[in-house]
There are 2 protein chains.
Amino acid sequence: MAISNRSLMTYSPDLKILDCTLRDGGLVNNFAFSDEFVKDLYTANIASGVDYMEFGYKASKRIFSPDEYGKWKFCDEDDIRRIVGDNPSMLKLCVMADAGRTDYKQDILPRSESAIDVVRVATYIHQLPIAIEMIEDAKEKGYEVTVNVMAVSKVNDMDLNAGLDLLGRSNVDVIYLADSFGSFYPEQVCIMTERYMEVAQKYGKEVGFHGHNNQQLAFANTIEALRYGAHMIDGTVCGMGRGAGNCYLESLLGFLKNPKYHQVPMMKFIESHMIQIKKEYTWGFDVPYMLTGILNAHPSSAINFQKAGRTDYAKFYQELMDIE
Amino acid sequence: MAISNRSLMTYSPDLKILDCTLRDGGLVNNFAFSDEFVKDLYTANIASGVDYMEFGYKASKRIFSPDEYGKWKFCDEDDIRRIVGDNPSMLKLCVMADAGRTDYKQDILPRSESAIDVVRVATYIHQLPIAIEMIEDAKEKGYEVTVNVMAVSKVNDMDLNAGLDLLGRSNVDVIYLADSFGSFYPEQVCIMTERYMEVAQKYGKEVGFHGHNNQQLAFANTIEALRYGAHMIDGTVCGMGRGAGNCYLESLLGFLKNPKYHQVPMMKFIESHMIQIKKEYTWGFDVPYMLTGILNAHPSSAINFQKAGRTDYAKFYQELMDIE
């Protein structure tokens, strides 16, 4: 096993933390963050030394009606500018673009006309040809580009190898290992990270990790991916994200010994905003997400179970076994 | 690194799960579990294939007044018998005895007169001579005996090596690695488990692991300990335990592929009892426990912070840094 040279006490200048609270957390509150929340999070990320901040999706307004979603589902240039101005900071700004659900040709402006630095393409394995067109479009426009292949815990080896090779030969900068169902255990993350690292090293790319907390392993899996060489890791404040949520950003700030990271500004942001938003919305580890995680199933059934106010866990488990 | 032969799909007949809900969870509700709760947990553990169940402490009634604590602080023989009769099951019953806080000579009966199978001695490193007397007393009385050396994340190498060697030469059966402050990361658990395994192999003992969830790593650390050879692992239903709580028993049941373990009876127990008790008492991962975990500090300051209804996390973090 090719463990990287990193250890707990190592200062690793090549590591980058990405805050995706607005994007993955937006799936919890339908992207209805106040401008004050977004502005304060932007300021807290800068003060904490966070490297990247994702503002939301670049979703197609033909497919999704702006009447039904908050503005961070669409990330219009004007909305971002109202928060960041010309972003006179080291913090790089990102948006996510879903394969097949983004009018990327028109909605993603040339980088010279945008405050955005990074386009993050999200794709299922069968959409890779679309994703690669999106990657090349964003690269040509001047962006840093990352790609998340979603739900890889359900993809067979042959397809994944072919997909990773396609991505290797594309102009993408970072290939993300995404544990969409929160079903991976650390020893699987170790094996998967090594696979992604191999492709990345061959083609001169970097590797990212995006975890979900269905089994309370998002943080553990993220630091396992770091141990095996990942360069870019995602977190959200208080783990805010769909269903069981994500890796806690503040756990990453506490874990990493890089002197550029600071915990106190994030603690202040939690006091000012997260205590309140936790009262208004529910996310995070709970029994039904644990069960979908164990069974490597999409969390939607667990989200519906929670929304319906059900607590018949034994029956739900049997239902999941019938679907699988 | 001497990784054990276990893998995710391996059936490992030498693994044992211990449910310590009543004992560690008792620190949340002052041991005020109803007989119905205890009886149903006993039944659920048997049906789920759990190997050991801890009923509580054998605390000294000279030191702790029975008027101030529920009965599982003391685990009188009659109270246990009222739940289990003669325990006609494979489930082994345990009690914990704290070094210096147990009248073990009189309160721990000969095994032939007790429904209890296992005495678990808990000790700080400086109390080891007392702990060893307790171990030998319990062995002479016929019990299986385990020992938890608490707070080892604060113990220097010289003391720990001397302590482990003393325990190796005692008659104890299982030596527990206990992450009392929830401060260990998986890569440290790997190193520590290997150290404990070395002593265990030299002296013919087994190794146990008891985690805490301050950094949401209780489950990850437990399966890391398993990967490096631990034989006996502790969990509590819904992670119920002091402060940030423990490793979720139901996560262990889902993770282990041993055919003897069953999830459904535990899901039913959660439906019947845990939903209610979660409304009455608070435990589990939260910001202040994360901070004490990161700083390798005793969780008592975080427990007091929560009890006082404080939410000034940034100030609390600064306070912790001043203490350290």
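Predicted model only: the values in this text are computed from it and were never measured. All chains are named by letter (A, B, ...) in the order of the sequence lines, taking the proteins before the strands, and each is independently numbered beginning at 1.
Remark: side-chain polar atoms of A:Asp51 are paired, donor with acceptor, to backbone N or O of A:Ile17 under 3.5 angstrom. Under a 3.5 Å cut-off, the side chain of B:Asp19 and the backbone N or O of B:Thr21 do form a donor-acceptor pair. Side chain of A:Trp283 to backbone of A:Cys238: a donor-acceptor contact under 3.5 angstrom is found. At distances below 3.5 Å, at least one donor-acceptor pair connects side-chain atoms of A:Gln188 with backbone N or O atoms of A:Tyr185. A:Asn156 contributes a side-chain N or O that, together with a main-chain N or O of A:Met158, makes up a donor-acceptor pair within less than 3.5 Å. No donor-acceptor pair under 3.5 Å is formed between the side chain of A:His212 and the backbone N or O of A:Phe181.
When heavy atoms are compared at a cutoff of 4.5 Å, B:Phe316 does not approach chain A at all. Within the 4.5 angstrom heavy-atom criterion, atoms from both the backbone and the side chain of B:Val264 approach chain A. Looking at B:Asn221, neither its backbone nor its side chain comes within 4.5 Å of chain A, counting heavy atoms on both sides.
Put simply, of B:Gln215, B:Met267, B:Lys315, the one with the most heavy-atom pairs under 4.5 Å next to chain A is B:Met267. If you tally non-hydrogen atom pairs under 4.5 Å between each of B:Phe269, B:Phe285, B:Tyr313, B:Tyr317 and chain A, the highest count goes to B:Tyr313. Chain A forms the most heavy-atom pairs under 4.5 Å with one residue out of B:Gln318, B:Glu187, B:Lys268, and that residue is B:Glu187. Ranked by non-hydrogen atom pairs under 4.5 Å with chain A, the options B:Met266, B:Glu250, B:Met274 are led by B:Glu250.
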